[in-house]
Amino acid sequence: MARHLITSAIPYINGIKHLGNLVGSQLPADLYARYLRGRGHEVLFLCATDEHGTPAELAAAKAGKPVAEYCAEMHVVQARIAEGFRLSFDHFGRSSSAENKALTQHLAKRLAEEGLIREVTEKQMYSVADARFLPDRYIEGTCPNCGFESARGDQCDNCTKQLDPTDLINPRSTVSGSTELELRETKHLYLRQSEMKDKLEAWIDSKTDWPVLSTSIAKKWLNDGDGLQDRGITRDLSWGVPAQFDGAPWEGMDGKVFYVWFDAPIEYIACSQEWVAAGKGTDWERWWRTDKGADDVTYTQFMGKDNVPFHTIGFPATILGSAEPWKLVDYIKSFNYLNYDGGQFSTSRGRGVFMDQALEILPSDYWRWWLLSHAPESSDAEFTWENFQASVNKDLADVLGNFVSRITKFCRSKFGETVPEGGAWGAQEEALAEAIAGRVKAYEGFMDEKEVRKAAAELRAIWVLGNEYLQSAAPWSTFKEDPVKAAMQTRLGLNLIGLYAVLSAPFIPNASATMLAAMGAAGAGWPEDVKAALSALPAGHAFTVPEVLFAKIADEQREEWQTRFAGIRS
RNA sequence: GGGCCUGUAGCUCAAUGGUUAGAGCAGGGCGCUCAUAACGCCUUGGUUGGGGGUUCGAGUCCCUCCAGGCCUACCA
């Protein structure tokens with residue numbers, strides 16, 4: 001038994017996430033966590049809401065609520081949806097927690113003591129009407145390059161030229177529309193990442209088994225242009241971890257907070273403290289402090305590609321720079337994007353399917369299966385309703401669901417709702433057990449390697465073996481001349497359901513639980529010995545015929561959804 | 001502009017430089033009747049984006065061009 005720390009990139013508090021966000025981090029992380037728990041390992045699976053930053057403030061203002069209240073409400077909403085998708089976090093924390101505040105300030109102080117913080121005075125755009133500094137992208141104006149009138153202060157969406165807000169003609173605040181903007185001097189703390197370039201690079205170079213996506217993005221940041229740049233870790237905002245605090249090794253940072261990307265990854269650690277505070281655990285240090293038991297922990301992070309720089313550069317720089325024995329990540333599993341029907345999912349335009357809507361129209365298992373079996377691992381992937389309908393109907397309803405249905409109903413009609421007695425395995429059954437054992441090994445291998453799509457394909461192939469067996473054994477024929485043999489075949493068929501339930505649990509936990517309940521096999525463990533697992537349900541054991549596991553999606557239904565989700569979210 | 005990724009069957013994807021490039025779905029044929037009009041077997045289908053090169057041998061390595069995507073440090 002090994003110990004596995006697993007974190008999913010923490011979703012931003014600003015609204016409900018879409019399916020692309022889900023498949024990029026939380027869902028595969030959950031798959032892995034469930035698999036490892038199923039194998040009997042000790043797992044701590046953490047996630048949280050990322051609550052600081054300008055967008056949260058603006059969203060709260062738009063909702064007419066204090067930002068703390070807005071975040072508290074949205075956290076509950078996200079937590080409930082996460083439950084709906086059966087995301088099995090050991091704790092779902094908040095980056096605005098007292099724990100994170102204390103730890104963020106502690107680490108910043110440590111970095112300063114190690115000489116890795118420097119103060120920089122710079123000029124930033126200030127909006128008088130909004131009474132706040134504005135990030136570049138919150139300034140809009142006419143592009144000096146192409147004349148586009150809604151160019152953002154960081155880049156023009158029309159001609160893609162990178163801009164400085166001072167380049168814009170007729171600049172205005174996107175918050176209020178005010179043109180009363182001025183450049184003001186402001187002081188910020190910078191993390192001297194450049195000092196740690198060699199150390200970070202050596203660390204990244206040692207990670208030869210990571211997805212190319214993870215390492216190539218990291219190397220790009222390390223070596224682009226003049227190499228790794230220092231990074232500002234404070235912002236002129238009120239909502240966040242205060243940058244000025246008792247015992248701070250600097251002055252003059254009043255009214256400023258740490259940059260959200262500085263405190264967000266720290267929440268991974270703080271979340272484990274929240275986990276203890278919530279009474280769910282007793283010792284967080286054995287997961288995070290290599291001097292206090294965490295040196296045998298394997299730490300795996302899951303995230304979308306947009307998050308990779310912060311996890312390969314920023315957070316490791318914080319951890320390593322602190323010179324304290326924190327556990328560093330061992331493996332970064334990164335994902336590309338999921339597109340929606342020929343374009344991108346769009347939160348602002350309400351294009352695509354959002355997590356709450358998905359749960360309204362279908363149970364979570366449908367989404368889990370499709371998303372995971374089509375996870376954007378090697379390149380961006382695309383969601384289409386036709387593909388979704390075809391995959392779900394074929395894989396879940398026909399191959400797995402119908403298998404459960406056919407064997408339980410056959411047994412009920414010939415032997416009753418009890419595992420039938422008599423007969424012994426022949427060559428055919430031995431061959432089946434061997435074939436399944438081989439595929440289970442492959443399945444475990446893919447899961448261990450976090451090869452999500454390949455694992456899904458292997459699992460499906462295991463389901464298919466059951467149908468192949470029933471087809472060739474044909475207990476409905478055998479029953480006529482040799483009822484005892486038919487009983488043995490049926491018994492094996494019923495046992496396959498229990499095996500499938502356990503193997504499938506990481507992907508489709510609800511259906512798995514239904515299958516186990518129907519078979520009266522709730523405590524079934526991982527089939528380390530497939531042959532034994534296929535005899536787990538003894539003769540005379542009672543079962544029930546479950547309801548249809550997966551209903552099919554009809555064409556008319558699909559068309560309705562297609563229309564409903566094409567445009568503006570209602 | 002720079003960097004990275006992707007391009008393989010109608011669709012979604014596989015293939016440590018090594019037999020005749022494989023699966024699933026869709027299409028075609030046959031079988032089965034336990035089952036959710038389900039299942040099984042067989043089968044059609046590819047100049048691996050174009051061109052050049054290295055090699056005994058290239059989907060794979062190199063060069064170049066084309067197409068799509070992402071990132072480019074003040075959104076997160």
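Since the model is a prediction, treat every value here as computed from it, not as a measurement. Just so it is clear: chains get the letters A, B, ... in the order the sequence lines come, proteins before strands, and each one is counted from 1.
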ask   = Given the C1' atoms of B:rA73 and B:rU55, what is the spacing between them in whole Å?
value =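 These two C1' atoms come out 43 Å apart once rounded.
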task = Using the P atoms only, state how far B:rA38 lies from B:rU44, rounded to an integer number of Å.
result =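 Approximately 24 Å lies between the P atom of B:rU44 and that of B:rA38.
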Between [N] and [X], is there an OP1 or OP2 to side-chain N/O distance shorter than 4.0 Å?
| X | N | result |
| --- | --- | --- |
| A:Lys454 | B:rA15 | yes |
| A:Thr215 | B:rC4 | no |
| A:Arg137 | B:rC75 | yes |
| A:Arg460 | B:rA23 | no |

From the list [options], which nucleotide is the closest neighbour of the side chain of [X]?
| X | options | value |
| --- | --- | --- |
| A:Arg453 | B:rU36, B:rA76, B:rC13 | B:rC13 |
| A:Leu549 | B:rG24, B:rU36, B:rA73 | B:rU36 |
| A:Asp50 | B:rA73, B:rA35, B:rA76 | B:rA76 |
| A:Lys305 | B:rU36, B:rG31, B:rG69 | B:rG69 |
| A:Glu468 | B:rG40, B:rA38, B:rC11 | B:rG40 |
| A:Val260 | B:rA73, B:rC39, B:rA76 | B:rA76 |
| A:Asn467 | B:rC13, B:rU36, B:rG40 | B:rG40 |
| A:Gln471 | B:rU12, B:rC71, B:rG31 | B:rG31 |
| A:Arg406 | B:rC25, B:rG3, B:rC34 | B:rC34 |
| A:Tyr259 | B:rU12, B:rA76, B:rC13 | B:rA76 |

ask   = Are A:Arg235 and A:Tyr259 in a cation-pi setup, meaning NZ or CZ lies under 6.0 angstrom from the ring centre and within 45 degrees of the ring axis?
value =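 Yes; both conditions hold, so A:Arg235 lies above the ring face of A:Tyr259.
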Between [N] atom [atom2] and [X] atom [atom1], what is the distance in whole Å?
| X | N | atom1 | atom2 | value |
| --- | --- | --- | --- | --- |
| A:Asn336 | B:rC13 | CG | P | 11 Å |
| A:Leu470 | B:rC39 | CG | P | 12 Å |
| A:Asp395 | B:rU12 | CG | C1' | 11 Å |
| A:Asp341 | B:rU12 | CG | P | 12 Å |

Please report the interatomic distance [atom1]([X]) to [atom2]([Y]), rounded to the nearest 0.5 Å.
| X | Y | atom1 | atom2 | answer |
| --- | --- | --- | --- | --- |
| A:Leu465 | A:Ile436 | CG | CD1 | 5.5 Å |
| A:Ser504 | A:Asn510 | OG | CG | 12.5 Å |
| A:Arg351 | A:Asp341 | CZ | CG | 6.0 Å |

request  = Would you please classify the geometry between the A:Trp463 ring and the A:Trp369 ring as parallel, tilted or perpendicular, with 30° and 60° separating the classes?
outcome  =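 Rings of A:Trp369 and A:Trp463: tilted, as their planes differ by 30° to 60°.
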inquiry  = Classify the ring geometry of A:Phe388 against A:Trp367: parallel below 30°, tilted from 30° to 60°, perpendicular beyond 60°.
reply    =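 A:Phe388 vs A:Trp367 ring planes: parallel.
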request  = Can you establish whether the number of heavy atoms outside A:Lys485 located under 6.0 Å from its atom NZ is more than 12?
outcome  =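 Atom NZ in A:Lys485 is not packed in, count stays at 12 or less.
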Ion pair check, [X] and [Y], cut-off under 4.0 Å:
| X | Y | value |
| --- | --- | --- |
| A:Glu57 | A:Arg132 | yes |
| A:Arg152 | A:Asp154 | yes |
| A:Lys450 | A:Asp209 | no |

Pi stacking test for A:Trp476 and B:rC34: under 5.5 Å apart, planes under 30° =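 Yes, A:Trp476 stacks on the base of B:rC34.
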ask   = Which dot-bracket string describes RNA chain B (Watson-Crick N1-N3 plus N6-O4 or O6-N4, or G-U N1-O2 and O6-N3, all under 3.5 Å; [ ] crossing; | other strand)?
value = (((((((..((((....[...)))).(((((.......))))).....(((((..]....))))))))))))....
Residues within residues 54-61 of chain A bordering RNA chain B, heavy-atom distance below 4.0 Å =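 Heavy-atom contacts with RNA chain B come from A:Thr54, A:Pro55.
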